[in-house]
Structures are given as structure tokens and as C-alpha cells.
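Here's the structure we're looking at; comments come further down.
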Amino acid sequence: MPYRKPPSNYEIIWETVSRIPKGKVATYGQIAELCGLPRQARLVGYALHNLPRGSDVPWQRVINAQGGISLSDLDGMYEEQIRLLKKEGIKFIRGKVNLYRYGWRYGWMKKSSAMLIK
DNA sequence: CTGGTGACCATTA
DNA sequence: TTAATGGCCACCA
């Protein structure tokens, strides 16, 4: 039987992020869940931070559970992510995205206080 | 093996 | 409303 190397967690995460439709966003924790890696939100951030150069993974569609950007603004990536999302039609209110409107599959997810936009 | 780290998260005050 | 806190655990040196 041909041996096939199981995909690394990074690859699983990248694959899942690639399934987020344009115009939608997902949270780090949500991606971890979908990957079968519950409570591994930080690993998702780690995986995206280490994306291969020139990758077509839509990393900008992953945001934190508060609807905000988790990147540092020191290297300009914070503004870059917002720019890319706005280009996809996502609106920011006071620096936050409304997850009820733009969250991927949120209609099927349990309501949680952390998802509310205050 | 071991210990530090992190593009996180939920809870609490 | 924000801020602090403790939990989380794969990854890497």
C-alpha cells in the first residue's frame, strides 16, 4: 500500500482557511474547530504567520473573536488586512467587523456573548 | 526531553 | 466600555 504522509496541522489549517468564501470572515477559534483542533486558536495564528511565500491562502479572512484584527500595526500588516477585506466588500465599524453579518456559517453557530459587537 | 512562545479566547471585575 | 487574568497546547530551539 502506498504510504501517504498525513497532512500537518499547518496544511489542514491552510486548507480550511482557503474554503472561507470571499466576502466572509471566520475567527481563529472557529477555524481550529473546523480543523478538528478544538481550543487551538493560537495554532491557527501561528500557522498563518508561517504561511509559505506566495501562497494564495486568504489569510485576511481570519480575524479574532471580537471581530477585530489581531495583527500588529508595526509592520503595516494591520492596515493591509483591513484594506484587503474592504476590497472584498466587508465593512468596518469602529475597527470591528459585524460577525452576524459577515461571519462564515454563523447562522448555525451557538450564540455567545463574545460574538456581540458592543 | 524541556521550557518559552503565541496573527487566541472566555470570563471576570 | 476596557483591562486583566488564567487557560490552552502545538510548535520549535
Side-chain angles (χ1 to χ4, degrees):
Chain A
M1 294 292 279
Y3 171 74
R4 199 177 300 276
K5 187 182 81 142
S8 70
N9 285 336
Y10 278 14
E11 288 167 327
I12 295 171
I13 289 167
W14 295 333
E15 168 63 31
T16 302
V17 170
S18 296
R19 299 215 319 268
I20 305 173
K22 189 201 282 188
K24 292 287 184 183
V25 295
T27 68
Y28 294 96
Q30 182 186 0
I31 294 300
E33 284 279 341
L34 291 173
C35 290
L37 301 165
R39 284 171 254 105
Q40 292 306 316
R42 304 188 79 142
L43 187 63
V44 174
Y46 206 20
L48 292 181
H49 182 70
N50 292 317
L51 266 177
R53 224 168 163 10
S55 148
D56 59 349
V57 173
W59 57 269
Q60 72 273 18
R61 294 176 194 155
V62 185
I63 62 180
N64 64 38
Q66 286 71 46
I69 304 299
S70 288
L71 287 170
S72 159
D73 198 22
L74 297 177
D75 49 8
M77 291 304 287
Y78 177 91
E79 291 296 339
E80 172 68 0
Q81 184 168 11
I82 291 180
R83 188 185 69 77
L84 290 170
L85 289 177
K86 283 184 173 174
K87 197 167 69 175
E88 298 186 351
I90 291 173
K91 289 188 187 342
F92 282 79
I93 308 293
R94 293 194 303 279
K96 301 281 182 67
V97 171
N98 185 329
L99 293 177
Y100 285 135
R101 198 215 279 279
Y102 299 109
W104 183 35
R105 292 185 178 178
Y106 266 56
W108 290 265
M109 293 185 69
K110 190 177 73 172
K111 179 178 176 181
S112 137
S113 60
M115 297 176 184
L116 297 175
I117 306 299
K118 296 176 184 176

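Chain letters run A, B, ... following the sequence lines, proteins first, then strands; residues in each count from 1. Worth knowing before you read on, the calculation uses all heavy atoms, side chains too, and leaves out hydrogens, waters and symmetry mates.
With sequence neighbours excluded, no residue forms a side chain to side chain donor-acceptor pair (under 3.5 Å) with A:Glu79. For the side chain to side chain donor-acceptor pair (under 3.5 Å) test, no residue two or more places apart in sequence or in another chain qualifies with A:Asp73. In this structure, the side-chain contact (heavy atoms from CB on, under 4.5 Å) partners of A:Lys86, at least two apart in sequence or on a different chain, are A:Ile82, A:Phe92.
Counting all heavy atoms, side chain and backbone alike, A:Ala26 lies closest to A:Trp104 at CB-CE3, 4.2 Å.
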Problem - Chi angles and distances behind the side chain to side chain contact (heavy atoms under 4.5 Å, CB included) call for A:Ile13, A:Tyr46 - result: CA-CA 10 Å; A:Ile13 289 167; A:Tyr46 206 20; over 6 Å; no

Practice task
Determine, step by step, whether A:Leu43 and A:Tyr28 satisfy the side chain to side chain contact (heavy atoms under 4.5 Å, CB included) criterion, reporting the C-alpha distance in whole Å, the side-chain angles of both residues, the deciding distance to 0.1 Å, and the verdict.
Solution key: CA-CA 9 Å; A:Leu43 187 63; A:Tyr28 294 96; over 6 Å; no

Practice task
Take A:Ile63 and A:Leu85 through the test side chain to side chain contact (heavy atoms under 4.5 Å, CB included) and record every step on the way to the result.
Solution key: CA-CA 11 Å; A:Ile63 62 180; A:Leu85 289 177; 4.3 Å; yes

Practice task
Apply side chain to side chain contact (heavy atoms under 4.5 Å, CB included) to the pair A:Trp14 and A:Ser55, showing each step before the final yes or no.
Solution key: CA-CA 10 Å; A:Trp14 295 333; A:Ser55 148; over 6 Å; no

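Separating the CD1 atom of A:Ile13 from the P atom of B:dG6 is a distance of 17 Å, rounded to the nearest angstrom. One atom, CG of A:Leu48, and another, P of B:dT5, lie 22 Å apart when rounded to the nearest Å. Taking atom CD1 on A:Ile63 and atom C1' on B:dC9, their separation rounds to 14 Å, with Å as the unit. As rounded to whole Å, 8 Å separates atom P of B:dC8 from atom CG of A:Leu71. Residue A:Glu80 contributes atom CD, which lies 18 Å from atom P of B:dA7 at whole-angstrom precision. Rounding to whole angstrom units, CD of residue A:Gln30 and P of B:dA10 are separated by 11 Å.
For DNA chain B, if you chain together Watson-Crick or G-U pairs that step i with j, i+1 with j-1 and so on, the runs of at least three with distances under 3.5 Å are B:2-6 with C:9-13, B:8-13 with C:2-7.
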Practice task
Would you mind building the protein contact string for nucleotides 4-11 of chain C? One character per nucleotide, 5' to 3', B for base within reach (heavy atoms under 4.0 Å), S for sugar-phosphate only, - for untouched.
Solution key: ---BBSSS

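Looking at A:Gln40, its side chain never comes within 3.5 Å of a backbone N or O of A:Cys35 through a donor-acceptor pair.
By the 6.0 Å contact criterion, CZ on A:Arg101 is open, its count of non-hydrogen atoms from other residues, nucleotides or ligands being 12 or less.
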Contacts under 3.5 Å, N or O only, protein and nucleotides 1-3 of chain B:
none

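Within the 4.5 Å cutoff, the side chain of A:Arg61 has heavy atoms near those of the A:Lys22 side chain.
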